[in-house]
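Start at 1 and go down the list; that is how both ligands and their atoms are numbered. Quick caveat, the model's predicted, so the values are computed rather than measured.
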Amino acid sequence: MKRILLAVSGGIAAYKAIDLTSKLTQAGYEVRVMLTENAQEFVTPLAFQAISRNPVYTNTFKEENPAEIQHVALGDWADAIVVAPATANLIAKLSNGIADDMITSTLLATETPTFIAPAMNVHMYENNRTQHNMAVLKSDGYQFLEPGEGYLACGYVAKGRMEEPLQILTRLETFFNEEPVTNHTHSSFAGKRALVTAGPTIEELDPVRYLSNHSSGKIGYALSEALADRGAKVTLVSGPTHLAQPEHANIEVIQVQSAEEMFEAVKSKYKQIDIVFKAAAVSDYTPAEALTHKLKKQDGELAVTFKRTPDILKYLGEHKTHQYLVGFAAETQHITEYAQQKLQKKNANVIIANNVGDKSIGFSSDDNDYTMHFANQEVIALGKDTKISLAAKILDALETRWQ
Ligand code: C5P
């Protein structure tokens with residue numbers, strides 16, 4: 001069981017630290033919490049004690065175990081430390097080596113990997129002093145969970161919201177899985193605009209029946225999260241899925257039903273987009289005529305005429321200005337050959353091919369096995385893995401290749 005030491009400083013986002021403690025505990029981490037005096041103006045030690053089922057630390061001089069020095073032992077105990085929320089004041093103290101309370105003393109006395117989730121008013125965040133202090137900490141190896149943009153308690157709608165607990169959990173999972181942790185500021189996706197399509201489409205035959213497919217949307221959602229984690233602004237155009245809505249501040253979700261609706265949503269965003277991941281399983285056909293009333297059953301066979309839907313990726317390839325296009329190819333045979341053909345036909349930069357004939361992977365499964373086929377003939381086999389890890393591997397492969 002991995003051990004997380006959560007340091008909570010005194011900002012209104014401290015309430016989110018309670019949710020974070022709960023999510024970490026439910027995900028199987030052992031959590032211990034430290035609170036500054038100011039944090040206790042917003043949240044109580046008891047709340048964290050009840051959720052973590054561990055003692056909570058607030059006072060450097062309250063040494064309850066004579067066998068150890070608490071602010072040294074706690075840092076050694078942890079596999080990772082998360083400071084969430086990290087106020088401007090705490091960041092300033094840490095970057096200057098001040099150790100005048102439980103949290104700053106522990107942080108100064110440890111070499112354990114430490115993640116910092118700033119949360120503050122936008123002007124405090126943008127203030128040169130704060131920016132300087134954060135730059136010092138980054139160069140010292142502290143990992144930052146960048147604040148998102150959104151509604152701030154002070155009334156501004158701007159950057160400064162603490163990263164969502166779910167994203168912090170995801171980041172820790174990635175860290176413990178020993179995936180390469182990409183620093184936002186160093187990622188080639190940071191500040192870029194990405195469009196991801198995900199899931200199936202639904203083509204209505206009549207008000208109660210439709211044509212669809214087994215796509216779960218998992219890889220498109222995983223890609224959206226991974227892109228957002230690397231600092232991209234993501235528009236996720238999603239067909240109907242059973243997946244939870246991403247809560248990341250960098251992800252805007254547009255829900256659609258049919259191929260036609262997906263086409264319209266994608267077209268409306270395309271001009272401003274830098275990179276497209278066309279992971280949706282778009283239906284190639286839709287009923288030629290959508291009936292306004294339920295089709296009544298009758299004796300004998302039923303023949304329905306279908307017409308083609310727009311090929312969205314092909315359209316994007318034809319109207320490309322600067323955009324980088326990543327298509328997917330779900331095939332049951334001749335996978336490599338079809339991927340190469342698709343690159344040409346759709347004017348895409350990469351086709352990510354997989355074998356949907358293998359039932360242990362693909363569609364609804366959590367796993368897949370992808371091969372990336374680049375327009376310059378380069379082929380990268382990513383191997384069989386979870387879709388979450390594959391999303392990271394896809395972005396790792398693209399980091400240096402896509403621009
Ligand atoms: O042509 P095919 O369906 O095999 O190509 C798959 C790729 O094309 C996927 O990236 C898929 O999202 C995209 N596609 C599309 N519009 C369609 C059909 C497929 O964008 N109507």
Any protein N/O atoms within less than 3.5 Å of an N/O atom in ligand 1? List the atom names and distances, or say none.
| unit_1 | atom_1 | unit_2 | atom_2 | d |
| --- | --- | --- | --- | --- |
| ligand 1 | 1 (O) | K346 | NZ | 2.7 |
| ligand 1 | 4 (O) | K342 | NZ | 2.4 |
| ligand 1 | 5 (O) | K346 | NZ | 3.1 |
| ligand 1 | 8 (O) | K346 | NZ | 3.0 |
| ligand 1 | 10 (O) | K278 | O | 2.6 |
| ligand 1 | 10 (O) | F328 | N | 2.9 |
| ligand 1 | 10 (O) | F328 | O | 3.4 |
| ligand 1 | 12 (O) | K278 | O | 3.0 |
| ligand 1 | 12 (O) | K278 | NZ | 3.4 |
| ligand 1 | 12 (O) | A280 | O | 2.7 |
| ligand 1 | 16 (N) | I312 | N | 3.0 |
| ligand 1 | 20 (O) | K278 | NZ | 3.3 |
| ligand 1 | 20 (O) | I312 | N | 3.4 |
| ligand 1 | 20 (O) | L313 | N | 2.8 |
| ligand 1 | 21 (N) | P310 | O | 2.8 |

(message) For F263, does the six-membered ring have the charged nitrogen or CZ of K267 within the cation-pi criterion, i.e. under 6.0 angstrom from the centroid and within 45° of the normal?
(response) yes
(message) Given Y29, which partner from the list E173, R3, K23, K2 fulfils the side-chain hydrogen bond (donor to acceptor under 3.5 Å, both in side chains) test?
(response) E173
(request) Taking atom OH of Y324 as the centre, report whether more than 12 heavy atoms of other residues, nucleotides or ligands fall under 6.0 Å from it. (result) yes
(request) Could you tell me whether R161 sits above the aromatic face of Y151, with NZ or CZ closer than 6.0 angstrom to the six-membered ring centre and within 45 degrees of the axis? (result) no
(message) For H293, I'd like to know if atom NE2 has over 12 heavy atoms of other residues, nucleotides or ligands within 6.0 Å.
(response) no
(message) Would K138 pass as a cation-pi partner of F144, given that its NZ or CZ must be under 6.0 Å from the six-membered ring centre and within 45 degrees of the axis?
(response) yes
